[in-house]
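What follows is one structure encoded as structure tokens, with my remarks underneath.
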Amino acid sequence: MALISIDAEKCKKDGICIRECPFNILRANEENIPEMIPGAEAVCLRCGHCLAVCPTGAVTFDGISPEACEPAADAGISVSAIARLVKNRRSVRVYKNKPVPRDIVEKMMDIVRWAPTAKNVQPVHWTLVDDREKIHKMAGMVIEWLRQNKVFPEIVAAWDGGEDIILRDAPLLAIAHTGADGLNPPADCAIAATTLELVASGLGIGGCWAGYFMRGANSFEPLKQYLNLPEGHRVYTALMLGYPKFKYHRIPPRQDAKLSWM
Ligand SMILES: Cc1cc2nc3c(=O)[nH]c(=O)nc-3n(C[C@H](O)[C@H](O)[C@H](O)COP(=O)(O)O)c2cc1C
Ligand code: SF4
């Protein structure tokens, strides 16, 4: 089946889909109806922009009709609401002793899958851990790795004193990993995690990047084995998540934007 099919009755021959296609793989045929350039299927990003942009719904892409798509909507969010979301996100490290319900986690993940990925490969996999014993065990493995490498002695000492600075006793850990299919896994996973952190923040759930864990997860063999990721996968980001124990009453200042125009 052709990747793209056009309903000639609906097509207004406006050329919008041809102009929109990021790789110029659509062209007008003799009747001025768009078609994919023969052999271009391999180049197609499957981004669905041709399907999304057609004003009359004439494009069916990869068997998906315009009617099968969720209608696009003006985001309808004011600048102040966007600023509120971005500025009120904090790296939350102290959590209530309360699990994040799995249905809420799955709702967040269902939004996050729209985060952009290089060439639309969508390579990001998530391993979700909401068993605190497992989270604590993995934090302990990272500590063991630090101990063996004689780095961050203050973090190891805190652990020995009963404080987990690695995963902060978080009720939920979301680990983003990809295999060899990704074109830019660090960026794709970072964007996905950032999107998740913002979505979570909007729902009153605090997140914090787990940097020590991210490094240990690819370096410390016992932790790699415990994670048991699919063959060839690497961890690129990990987020601790949970309901914040404390409320923030003000937004801490940040540096001015460092801008230069050229
Ligand atoms: C790390 C990264 C690099 C990208 N590089 C390019 C690029 O060089 N040129 C381009 O046209 N699009 C680029 N994109 C955009 C992706 O192709 C796009 O996000 C993807 O096709 C999904 O489409 P959407 O963002 O409209 O959902 C990039 C996206 C990411 C995340
Ligand atoms: S899915 Fe994207 S890349 Fe493929 S034909 Fe449509 S617009 Fe072009």
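Sequence positions, counted from 1, serve as the residue numbers for this chain. For ligands, and for the atoms within them, numbers begin at 1 and follow the listed sequence.
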Parallel, tilted or perpendicular for Y212 and F152, by the 30°/60° rule? perpendicular
Within a 6.0 Å radius of atom CZ on R215, are there more than 12 heavy atoms belonging to other residues, nucleotides or ligands? no
Residues E163, R93: salt bridge by 4.0 Å N-O rule: no
I'd like to know if D169 pairs up with R132 as an ion pair, taking the criterion as any Lys NZ or Arg NE/NH1/NH2 lying under 4.0 Å from an Asp or Glu carboxylate oxygen. no
Looking only at heavy atoms, the pair that brings P55 and I16 closest together is CG-CD1, 3.7 Å
Does K10, at its NZ atom, have more than 12 non-hydrogen atoms belonging to other residues, nucleotides or ligands within less than 6.0 Å? yes
Below 2.8 Å of atom 6 (Fe) of ligand 2, tally up the protein N/O/S atoms for me. 1
List the atom of L173, the atom of A210, and the distance in Å for their closest heavy-atom pair. CD1-CB, 4.4 Å
Hey, does the Lys NZ or Arg CZ of K98 hover above the aromatic six-ring of Y243, less than 6.0 Å from the centre and inside 45° of the axis? yes
Please find the pair of heavy atoms, one from I155 and one from I166, that lie closest to each other, and give the distance. CG2-CD1, 3.7 Å
Might you list the protein residues in contact with ligand 1, defined as having a heavy atom under 4.0 Å from one of its atoms, sorted by chain and number? L45, C47, H49, P116, T117, A118, K119, N120, N184, A187, D188, I191
